[in-house]
Participant: 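The following block contains the structure, expressed as structure tokens.
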Amino acid sequence: GAGVSQSPRYKVAKRGQDVALRCDPISGHVSLFWYQQALGQGPEFLTYFQNEAQLDKSGLPSDRFFAERPEGSVSTLKIQRTQQEDSAVYLCASSPSWPGTDTQYFGPGTRLTVL
Amino acid sequence: AQTVTQSQPEMSVQEAETVTLSCTYDTSENNYYLFWYKQPPSRQMILVIRQEAYKQQNATENRFSVNFQKAAKSFSLKISDSQLGDTAMYFCASDTGNQFYFGTGTSLTVIP
């Protein structure tokens with residue numbers, strides 16, 4: 001089937017605006033991950049869902065970041081009152097099984113630019 | 001804390017030659033997965049190869065193979081018969097089931 005998709009692919013926001021980034025995982029995948037990738041860096045873990053349960057949000061940089069996966073499929077990463085340091089590519093990945101047991105499959109990312 | 005270290009920010013290799021990318025990691029876990037991902041300029045992260053830590057045999061996928069040294073916590077990637085399409089950023093990553101870490105990447109350029 002289709003791979004992981006993310007929308008929008010590009011987002012420009014003015015400082016202080018709220019943004020919502022969507023991730024459609026591979027159908028049937030149990031686990032879903034969000035990563036933040038700054039320019040020239042490797043992805044950094046933000047949060048992880050197992051079905052609809054957010055089991056780890058230790059990587060979220062501030063309380064302005066919020067993620068949800070209410071029905072255990074599509075996930076949304078919301079950033080409130082965006083700041084310039086939030087500019088990055090946000091990657092979503094899904095996995096068919098539990099973490100530590102299988103491969104993560106990545107989407108193309110959403111490039112967020114905060115002006 | 002677990003870390004993944006890639007000490008080679010940039011590398012180049014002549015087409016058809018062999019190149020090895022280095023990766024070391026640090027973990028107190030006994031069971032975990034290690035991965036090499038490729039990220040071309042289009043930015044889609046693609047799995048190259050994976051290794052389960054409890055397996056002693058090194059993983060291979062066509063022209064790609066790893067040298068997994070569990071005691072040394074080393075996980076290098078060897079690309080044989082390099083092709084122009086191999087030009088990309090390569091990230092080493094670890095997944096212990098509780099923690100997910102990526103290295104800072106190695107930019108590989110294959111020279112015609």
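Heavy-atom basis, side chains included; hydrogens, waters and symmetry copies ignored. Convention: sequence-line order gives letters A, B, ...; per-chain numbering from 1.
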Participant: At a 4.5 Å cut-off on heavy atoms, which part of Q6(B) comes close to chain A: side chain, backbone, both, or neither?
Facilitator: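 Contact with chain A is absent: no heavy atom of Q6(B) under 4.5 Å.
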Participant: Salt bridge or not for E61(B) and R50(B), using N-O below 4.0 Å?
Facilitator: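 No salt bridge links E61(B) with R50(B).
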Participant: Please state whether the side chain, the backbone, both or neither of Q104(A) comes within less than 4.5 Å of a heavy atom of chain B.
Facilitator: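 Both backbone and side chain of Q104(A) come within 4.5 Å of chain B.
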Participant: Can you confirm whether or not the ring centre of Y35(A) sits under 6.0 Å from the ring centre of F106(A)?
Facilitator: yes
Participant: Whether D86(A) and R64(A) form a salt bridge (side-chain N of Lys/Arg under 4.0 Å from carboxylate O of Asp/Glu) is what I want to check.
Facilitator: yes
Participant: Identify which part of L55(A) has an atom lying under 4.5 Å from any heavy atom of chain B, answering side chain, backbone, both or neither.
Facilitator: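 Contact with chain B is absent: no heavy atom of L55(A) under 4.5 Å.
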Participant: Quick one: which of D56(A), V89(A), L91(A) has the most heavy-atom pairs under 4.5 Å with chain B, could you say?
Facilitator: V89(A)
Participant: Hydrophobic clusters here meaning ILVMFWY residues chained together by side-chain heavy-atom distances under 4.5 Å, can you tell me if Y48(A) and L47(B) are in one?
Facilitator: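 Yes; L47(B) is reachable from Y48(A) via cluster members.
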Participant: When the aromatic ring centroids of Y90(B) and Y37(B) are compared, is their separation below 6.0 Å?
Facilitator: no
Participant: Among the options S58(A), P43(A), G42(A), S31(A), pick out the one with the most heavy-atom pairs lying under 4.5 Å from chain B.
Facilitator: P43(A)
